[in-house]
Amino acid sequence: QLAPQLPARLPHVPWSLLYCTARDGFSLSTLYRSTSRRSTPALLLIRDTEAQAFGAFCASAIRLSTHFYGTGETFLFSFSPQLKVFPWTGRNSFFLKGDKDLLMMGSGSGKFGLWLDGDLYRGGSHRCETFGNEPLSRREEFCIQALEVWGLA
């Protein structure tokens with residue numbers, strides 16, 4: 001369902017599983033190590049403990065950073081129950097920021113479109129200016145049941 005939403009240069013490229021909580025454990029630092037080895041776009045998929053599925057397409061590799069980075073190809077999405085995609089609004093360029101203890105996607109007015117804590121147990125989703133999204137999960141703060149990052153290259 002997500003393939004038609006990807007940038008035109010990517011729909012037919014192979015996907016490779018870079019990180020998976022079932023295989024690699026729950027650790028943001030491990031996620032960074034697994035994804036920063038390749039400078040490829042990434043698809044972040046989350047299932048919370050209420051069986052909601054959502055995530056983000058990151059046009060740039062997920063990595064530690066001192067500032068927000070990425071491009072307007074980045075977007076958030078949810079499956080609740082049908083696919084909803086939240087593309088870049090053009091209001092700001094706060095696409096992705098990877099701190100040691102927090103991964104953030106989208107921002108504005110002090111809220112993040114999607115954030116994950118350093119243990120990858122908790123996260124949150126709020127309306128944000130970058131993507132004009134609605135919260136991706138039923139709760140603005142959620143517990144993560146499973147998380148995967150797929151590299152597209």
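Remember, predicted model here, so these are calculated numbers, not experimental data.
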Spacing of [atom1] belonging to [X] relative to [atom2] belonging to [Y], to within rounding of 0.5 Å:
X: L147; Y: L45; atom1: CG; atom2: CG; answer: 8.0 Å
X: S65; Y: M104; atom1: OG; atom2: CE; answer: 7.0 Å
X: L64; Y: K97; atom1: CG; atom2: NZ; answer: 9.0 Å
X: L116; Y: D101; atom1: CG; atom2: CG; answer: 12.5 Å
X: R122; Y: W115; atom1: CZ; atom2: CH2; answer: 4.5 Å
X: F86; Y: T74; atom1: CZ; atom2: OG1; answer: 15.5 Å

Closest contact, heavy atoms only, [X] versus [Y]:
X: Q145; Y: D48; value: OE1-O, 3.3 Å
X: G70; Y: S60; value: CA-OG, 3.6 Å
X: S39; Y: A61; value: CA-CB, 4.0 Å
X: R127; Y: P135; value: CG-CD, 4.0 Å
X: E148; Y: L17; value: CB-CD1, 4.0 Å

Go through it in stages, so that I can follow the logic: the residues are E129 and S109, the test is side chain to side chain donor-acceptor pair (under 3.5 Å), and I'd like the CA-CA distance, side-chain angles, deciding distance and then a yes or no. CA-CA 8 Å; E129 293 173 9; S109 303; 3.0 Å; yes

Are [X] and [Y] packed together at the side-chain level, in the sense that at least one heavy-atom pair is separated by less than 4.5 angstrom?
X: S137; Y: E50; answer: no
X: Q52; Y: R47; answer: no
X: F26; Y: L31; answer: no

Under 3.5 Å donor-acceptor, [X] side chain and [Y] backbone:
X: Y69; Y: R63; value: yes
X: S27; Y: D119; value: no
X: T130; Y: S107; value: yes

Kindly work out whether a path of hydrophobic side-chain contacts (I/L/V/M/F/W/Y, heavy atoms less than 4.5 Å apart) joins [X] to [Y].
X: W15; Y: F75; result: yes
X: I144; Y: M105; result: yes
X: Y32; Y: Y121; result: yes
X: L152; Y: L18; result: no
X: L103; Y: L120; result: yes

Verdict with reasoning, S125 to L76, per side chain to side chain contact (heavy atoms under 4.5 Å, CB included): CA-CA 10 Å; S125 179; L76 300 179; 5.6 Å; no

Could you walk me through whether F77 and L2 pass side chain to side chain contact (heavy atoms under 4.5 Å, CB included), step by step? CA-CA 9 Å; F77 61 87; L2 282 170; 3.6 Å; yes

V149 and side-chain contact (heavy atoms from CB on, under 4.5 Å): which partner among L43, D24, T35, T21? T35

Qualifying residue for ring pair (Phe, Tyr, Trp, His ring centres under 6.0 Å) with F95, from F112, F68, W88, F57: W88

Full working for side chain to side chain contact (heavy atoms under 4.5 Å, CB included) between L114 and L44: CA-CA 11 Å; L114 179 61; L44 174 78; 4.0 Å; yes

